Protein chains: 2
Amino acid sequence: MREEVLRRIRARDWAPGAAIPTEEALAGEFGVARATVNRALRELAEEGVLERRRKAGTRVALHPVRKATLDIPVTRLEIEGRGQRYGYRLLAEDRDEPPPAIASRLGLAKGAALLHLTALHLADGRPVLLEDRWLNPEVLGRAAPDFHAVSANEWLLTHVPYTTGDIGFSAANASAAEARLLEVAEGAALFVIDRTTWEGERPITCVRLAHAPGYRMQTMV
Amino acid sequence: MREEVLRRIRARDWAPGAAIPTEEALAGEFGVARATVNRALRELAEEGVLERRRKAGTRVALHPVRKATLDIPVTRLEIEGRGQRYGYRLLAEDRDEPPPAIASRLGLAKGAALLHLTALHLADGRPVLLEDRWLNPEVLGRAAPDFHAVSANEWLLTHVPYTTGDIGFSAANASAAEARLLEVAEGAALFVIDRTTWEGERPITCVRLAHAPGYRMQTMV
DNA sequence: GAGTGGTCTAGACCACATA
DNA sequence: ATGTGGTCTAGACCACTCC
């Protein structure tokens, strides 16, 4: 079903922009139930290959916005998965008022104090990731974890599961301080991941992950 | 259904790592058909929230590998979508033997000649993206397009639809040549997307897209 | 108003991993 | 051997949107 649809698109039986038969017609043609057709076409639409609208029908996407699904793993597991030894060092932990950019991103009133963590993640003893995190102290509860022993990332995963949020990817030149900590030249191109998360309406954390040169995120399309 | 499952996970009724009831049990509890439960749980599993195995049942993921879905739009539409004027300049077009790294990525015999395109994409007249592309000349067919008029990206989308491939994201310091073309300082941090695509077994293209500083890819998680 | 996709029900059989 | 999820059928009703 799914493969036959893709074959027809690639063979240009169904050209980009053109409408394809209705679910009912395809169900008849392939001799399957409509629910089966629906699932196949719905999944292809989610991948950006088809565009579907009630009443208007299904078309082959003209300017397919390809969807790439990235896995965002826990740093420790990513490093260990490469067969390297994982290391983690908490560099600083204090309670402070965040810069306005961070406060507004989290939707916090000016003047609210957050927990500020700076940490370094290492692979085979070499620094590979500099973490700069602002954390809502409310989420810690009474059993405040020891962030020397467990990274905030892993603690949050098991204690504040399944947050929503946004994530951004960009490139930045290493500042002098970043260069020193990551043991790279000042100005080196770092791969930066910015992430802000909420649990419902409650802001949880805002983190900047600066990856040392050589880092590459990869996926299939 | 879906929301109730997420609520129970967030409320820690179902803790990370713990098994949740079977599809049949949940269908009974919620008073819905098993197919409905199946769809909800299957989708949550695809997002990395749950882990499902036949016979073993469904568990709340312990180390959820969060899946972020990135949209990879056509450059022109991305720029126009920001309300900017799109510009495109083909800088070079020749037929050449690709460097070994490119040839091996595409799985080509050494010595095969490819079409080599270099192009600049502009937003409001300012260069924002440098494209360096190797293209299998077989795909052009008899009606070789004029790559001065249409970008290879757009031509490929409508003429070789729905390819598979891989895509990688990284950061790189601008070389002298890149800096000159993008009108940035040498060494500036560029956001680089590498993409290799096939149509079935046939290699199509291998492209490096170097984005000028300021570029940011963003999505919700 | 009418045609399309979106979603659901109730039931069935199957594939697979585990015990 | 058994219990779980994976997928399917056949039918129904609904929601949206285009005409």
Side-chain angles (χ1 to χ4, degrees), chain A residues 1-9 13-67 69 71 161-162 164 220, chain B residues 1-9 13-67 69 71 161-162 164 220:
Chain A
M1 179 70 228
R2 179 198 162 87
E3 278 314 309
E4 174 60 13
V5 170
L6 285 174
R7 191 198 64 73
R8 290 185 187 188
I9 292 173
D13 295 344
W14 296 338
I20 75 172
T22 65
E23 292 189 349
E24 205 165 14
L26 288 174
E29 182 189 338
F30 288 117
V32 300
R34 185 168 80 93
T36 308
V37 177
N38 178 273
R39 179 168 173 186
L41 298 189
R42 177 166 40 81
E43 288 180 353
L44 288 169
E46 272 163 19
E47 292 164 30
V49 174
L50 299 175
E51 286 169 2
R52 319 195 75 195
R53 285 204 322 280
R54 282 166 157 133
K55 170 78 179 174
T58 301
R59 317 188 146 266
V60 180
L62 197 50
H63 291 294
V65 175
R66 292 305 295 266
K67 266 86 169 162
T69 303
D71 289 353
Y162 313 106
T164 55
M220 299 298 220
Chain B
M1 178 69 229
R2 179 198 159 89
E3 279 314 309
E4 174 60 14
V5 169
L6 285 174
R7 193 197 63 73
R8 291 186 185 187
I9 292 173
D13 295 344
W14 296 338
I20 75 173
T22 65
E23 291 189 351
E24 206 165 13
L26 289 173
E29 182 189 340
F30 289 116
V32 299
R34 185 167 79 92
T36 308
V37 177
N38 177 273
R39 180 168 171 185
L41 299 188
R42 177 166 40 81
E43 288 179 353
L44 288 169
E46 273 163 18
E47 293 163 31
V49 173
L50 299 175
E51 285 170 2
R52 320 195 74 196
R53 287 203 324 280
R54 280 166 157 134
K55 171 74 178 178
T58 301
R59 317 187 145 266
V60 180
L62 197 51
H63 290 294
V65 175
R66 292 305 295 264
K67 265 85 170 165
T69 303
D71 289 354
Y162 312 106
T164 56
M220 299 299 221

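Just so it is clear: chains get the letters A, B, ... in the order the sequence lines come, proteins before strands, and each one is counted from 1. Computed over heavy atoms, backbone and side chain alike; hydrogens, waters and symmetry mates excluded. Please read all numbers here as calculations on a predicted model, not as lab measurements.
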Peer 1: Between R42(B) and T22(B), which residue's closest nucleotide on DNA chain D lies nearer the 5′ terminus?
Peer 2: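 Closer to the 5' end of DNA chain D: T22(B).
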
Peer 1: Apply side-chain contact (heavy atoms from CB on, under 4.5 Å) to R39(B) and list each qualifying residue two or more places apart in sequence or on a separate chain.
Peer 2: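 Checked R39(B) against side-chain contact (heavy atoms from CB on, under 4.5 Å); matches are R42(A), R42(B), E43(B).
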
Peer 1: Heavy atoms, side chains only, cut-off 4.5 Å: are I9(B) and L50(B) in contact?
Peer 2: yes

Peer 1: Which residue, R34(B) or V37(B), contacts DNA chain C at a nucleotide closer to its 5' end, judged by nearest heavy atom?
Peer 2: V37(B)

Peer 1: Do R52(B) and E23(B) make a side-chain contact, defined as non-hydrogen atoms from C-beta onward lying under 4.5 Å apart?
Peer 2: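 Of all side-chain heavy-atom pairs linking E23(B) with R52(B), at least one is under 4.5 Å.
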
Peer 1: Is L6(A) close to E3(A) at the side-chain level, that is, under 4.5 Å between some pair of heavy atoms?
Peer 2: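 E3(A) vs L6(A): side chains touch.
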
Peer 1: At the 4.0 Å heavy-atom cut-off to chain B, mark where contacts on DNA chain C begin and end, going 5' to 3'.
Peer 2: dT7(C) to dT18(C)

Peer 1: Any side-chain heavy-atom pair from L41(B) and L26(B) closer than 4.5 angstrom?
Peer 2: yes

Peer 1: Is there a donor-acceptor pair under 3.5 Å between the side chain of R59(B) and the backbone N or O of G17(B)?
Peer 2: yes

Peer 1: Name the residue closer to the 5' end of DNA chain D, choosing between A35(B) and I20(B) according to the nucleotide with the nearest heavy atom.
Peer 2: I20(B)

Peer 1: Report yes if the side chains of M220(B) and T164(A) come closer than 4.5 Å at any heavy-atom pair, otherwise no.
Peer 2: no

Peer 1: Any base atoms under 4.0 Å from R39(B), or only sugar-phosphate, or nothing? Heavy atoms, all strands.
Peer 2: sugar-phosphate

Peer 1: Do D13(A) and R7(A) have side-chain heavy atoms sitting under 4.5 Å apart?
Peer 2: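 Yes. Closest side-chain heavy atoms under 4.5 Å.
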
Peer 1: Across nucleotides 14-19 of chain D, 5' to 3', mark each nucleotide with B, S or - according to how protein heavy atoms within less than 4.0 Å reach it.
Peer 2: -BBBB-

